[in-house]
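The block underneath contains the structure these notes are about, expressed in structure tokens.
As a basis for the values below, the full set of heavy atoms in this structure was taken, side chains included, without hydrogen atoms, waters or symmetry mates.
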Amino acid sequence: MASPAQTDTSPPEHTDAPGTGQIPLFATAAIALCLLGMGLTLILGGAAYPEVIPGLPDAGEAVRWGFPLAKVVMDSAAVLTIGLLIMAAVLLPSHRGRLTTQATGYVRTATWAALVWAVAAVSTLYFQTSEFLARPMGQVSLDEVTSYAGSVAGGVSLMVVVLITTGITLFGRTVGSATGALLLLVAALAATTPPALTGHSASAGAHELAMAGLTLHIVTICAWVGGLVAVVYHVMRRDAQAPVVAVNRFSHMALWVYIGVAISGAASALARLHSLEDLFLTEYGLIIVVKILLFAILGAFGYLHREHALKRLDDTPQGSEGQTLRRGLFLRLAVVEALIMSAVVGISVALGRTAPPPPLDSEVDPAVAIFGFPVPPPMSVENLLTLWRPDLFFFLFVVVGAGIYLAGVTRLVRRGDSWPIGRTVAFLIGLLCLVVTQLSGFATYAAILFSTHMLQHMALSMMIPILLVLGAPATLALRALKPARTRGDRGPREWITLLLNSRFAKFLTHPGFAVPMFVASPYLLYFTPMFETLMNDHLGHMFMNMHFLISGFLFYWIIIGIDPAPRKIPYLLRILLLLVVMGFHAFFGIAIMMQSSPIGLEFYNRFEVPWIDTLDSDQYAGGGIAWALGEIPTMLVTVALMFQWSRDEERQERRRVRHAGRGDSDDADMDAYNAYLAELDRRARGITTQETPGNTDEGKSGTDRG
């Protein structure tokens, strides 16, 4: 017998929906436009017929055309996989955490798309190896492909894609819950990022803009195009469940994705184009201009959807003839929009095969190769205020975090609810400190000076997390967000509640995990070769900074956190953990000061900083910073902890008095203790329990004396 989650009792909608039966035609047109866009871009950009120098090895025409073709298949399969999983996990309503029949079908279809994705990634790996070795097809052995996949960054990234997509193919066959579908969606989005981090972005000058911009660009485009294709297919179905809900949800999501595509696309272009002339005088720039024009057209279609198709779709009664006709209007707009997106996918693949304009300065600077900028001049107030870092990741983290937090506070105020001003101030100051440490000139000097890096480390792990935790973002979200409209469905509020009560959250917030990770991470990082490895790569540096921030947030969440946590830790244990951790951090600073040789010597010797004395003195200063600054967070956390403990005792006392006044105290320990004292009093008087009524004055006197 089918479960309630898999039984659709609603009457069939739009039984005569226009467009049904024309899905193969739509798919054929999309594929043709995608290939056409790819082919024209390869020819106009010069990647199809590059200049071959006589005497040098060449992979040949088959590789030059087969490589982008395999990449198109891989990206198209990624778009379909992500779109189908978005439809199942986000757009279609679930029932008490279980997917509907159609949502489950979309997950199963996504597994087949993921399988095509994996096969196309393997084909792309072969063509990439052939191009790397400059050998034609058929002359590259399996051992050489395996060696390339395990030693070169581009090959490693494709192997990661193959592993993730294979996992989606296998595990997706058993998924029947909304949580499982959402995890598959997260995995699919993660699988799109490795190739983006090893292409042109890895060699661009502004690493922060190039790598973060391209990664965000690919993720948002896959969500946008895949979601639209899935919605179009769903609306075309005669037996579609909740099509209006799916379309409206995608409309809200598409607006934010469109903004993300615009920001990330602009960042990627700025990282690769060195002047405005490059935008109009180079093949790479002209292709970007074409993408900008198509992007503007897609924005116009989105506006027409919101102002015409969606409003008419909402205003029409379910199952009426008018809804069928207006659904046809939506399909006409959406199909044209999806076809344009298909061409954009082909153009994007060909753009990745087109060489960006060369930098104006041809000299190789080790600092520029690692950081994307030369060694800055001596540190001064003016330089700290002007030498800002274009780190797109942390910029969006701050802007989006502040925007969502202030929007939540505004919603509460408009609703007539109160929100402590201290929490808002703490959260915003925490984000402001993040701006100083990651985006200002301070971050520029932290990349080349160990002492400034250590100050950045201390701020990220011991100061900023305290302020963010005291801002109680999860509590604000739970109060500001509305429950899902459909009973049993999951909206943002339900997902946050599920996450806070999940086994994953219990594991992360367990003192046996959060405390050792917070304490041991600095020792493992700075006293092993890991520090030098991470500093040599922008992605590793970003991972290190995020690890500092997350480990500090988890530790201070269990110490002074206001947000609901899976478990409540006694205050005495919190104080003990705080003292132990601060002792380890103080010893960490002393250990750095006592090092006989500089940490990361090979890394810091790669570039020259003429205005510092020695690396040893700079490291000694960094150890002193780590030792001295640990006292300030300890003092702040201790004050906050004692205040919270006092407030908690007051609340418990008021609760005890309130329940005692009603005669139904829920303090089991106090009741048991009072009963014990009453029994001792009766024994002292020589009165047995059977002889004493439950409400006698003798029984009460013992309790009162206790």
Side-chain angles (χ1 to χ4, degrees), residues 5-6 27 30 34 70-92 94 97-126 128 149-150 154-198 215-231 233-234 246 250 253 257 345 348-349 490 495 498-499 502-504:
Q6 297 179 336
C34 182
K71 189 69 166 55
V72 162
V73 176
M74 186 177 74
D75 291 351
S76 301
V79 166
L80 290 177
T81 303
I82 292 172
L84 292 168
L85 292 176
I86 287 177
M87 175 63 70
V90 180
L91 302 184
L92 289 179
S94 59
R98 303 298 301 175
L99 297 176
T100 61
T101 304
Q102 287 189 355
T104 304
Y106 286 133
V107 173
R108 301 294 184 268
T109 307
T111 61
W112 290 106
L115 179 61
V116 176
W117 188 358
V119 174
V122 173
S123 301
T124 304
L125 176 62
Y126 177 82
Q128 192 165 294
V156 173
S157 66
L158 287 175
M159 284 305 302
V160 173
V161 173
V162 173
L163 292 176
I164 296 177
T165 52
T166 303
I168 295 174
T169 303
L170 296 177
F171 292 106
R173 307 301 300 177
T174 61
V175 167
S177 64
T179 303
L182 185 63
L183 292 177
L184 291 178
L185 174 60
V186 172
L189 291 174
T192 63
T193 59
L197 301 175
T198 56
T215 301
L216 178 63
H217 197 61
I218 291 177
V219 169
T220 49
I221 282 182
C222 287
W224 187 21
V225 179
L228 180 64
V229 171
V231 167
Y233 173 76
H234 185 70
F250 175 75
M253 184 192 78
V257 171
V345 171
S348 300
V349 171
R490 287 180 179 173
W495 282 114
L498 181 67
L499 177 62
S502 64
R503 295 181 179 178
F504 181 67

Main-chain N/O of V162 paired to T165 side chain as donor or acceptor, under 3.5 Å: yes
Please test L182 against W495 for side chain to side chain contact (heavy atoms under 4.5 Å, CB included), starting from the C-alpha separation and ending with a verdict. CA-CA 10 Å; L182 185 63; W495 282 114; 3.7 Å; yes
Taken to the nearest 0.5 Å, the spacing of L184 CG from L84 CG works out to 12.0 Å
For residues 221-229, which side-chain donor-acceptor pairs fall under 3.5 Å, sequence neighbours excluded?
none

Would V345 and V72 satisfy side chain to side chain contact (heavy atoms under 4.5 Å, CB included), going step by step from the backbone distance to the final call? CA-CA 8 Å; V345 171; V72 162; 5.6 Å; no
What is the minimum heavy-atom distance between L99 and T104, and which atoms define it? CB-OG1, 3.5 Å
By side-chain contact (heavy atoms from CB on, under 4.5 Å) - contacts of S157 (at least two apart): P194, T198
Over all heavy atoms of both residues, which pair between V257 and T220 is shortest? Give the atoms and the distance, please. CG1-O, 3.0 Å
Who passes ring pair (Phe, Tyr, Trp, His ring centres under 6.0 Å) against Y106, sequence neighbours left out? H234
Enumerate the residue pairs fulfilling salt bridge (Lys or Arg N to Asp or Glu O under 4.0 Å) with a member in residues 172-194, sequence neighbours excluded, ordered by first and then second residue. none
May I have the list of side-chain donor-acceptor pairs in residues 117-126 shorter than 3.5 Å, sequence neighbours left out?
from, atom 1, to, atom 2, distance (Å)
S123, OG, V119, O, 3.2
T124, OG1, A120, O, 2.8
Y126, OH, G138, N, 2.8

Locate the shortest heavy-atom distance separating L92 from A246; write the atom from each residue and the value. CD2-CB, 4.2 Å
For a quick test of reading the model, state the closest non-hydrogen atom pair linking A181 to V175 and the distance between them. N-CG1, 3.5 Å
Using 0.5 Å steps for rounding, measure from the CG atom of L85 to the CG atom of L189. 8.5 Å
What are the two closest heavy atoms between L80 and A113, and how far apart are they? CB-CB, 4.3 Å
Output the distance between atom CD1 (I86) and atom CG (L91), rounded to the nearest 0.5 Å. 7.0 Å
Distance check, rounded to the nearest 0.5 Å: I164 atom CD1 versus T81 atom OG1? 12.5 Å
Shortest non-hydrogen contact from G172 toward V107: O-CG1, 3.6 Å
Test your reading of the model: is there a side-chain donor-acceptor pair from R108 to the backbone of A103, 3.5 Å cut-off? no
Got a second to check how far F504's CZ is from L183's CG, nearest 0.5 Å? 10.0 Å
Under 4.5 Å between any side-chain heavy atoms of M74 and L158, yes or no? yes
Show me the pairs that pass side-chain hydrogen bond (donor to acceptor under 3.5 Å, both in side chains) and involve residues 174-188, at least two apart or across chains. T179-R490
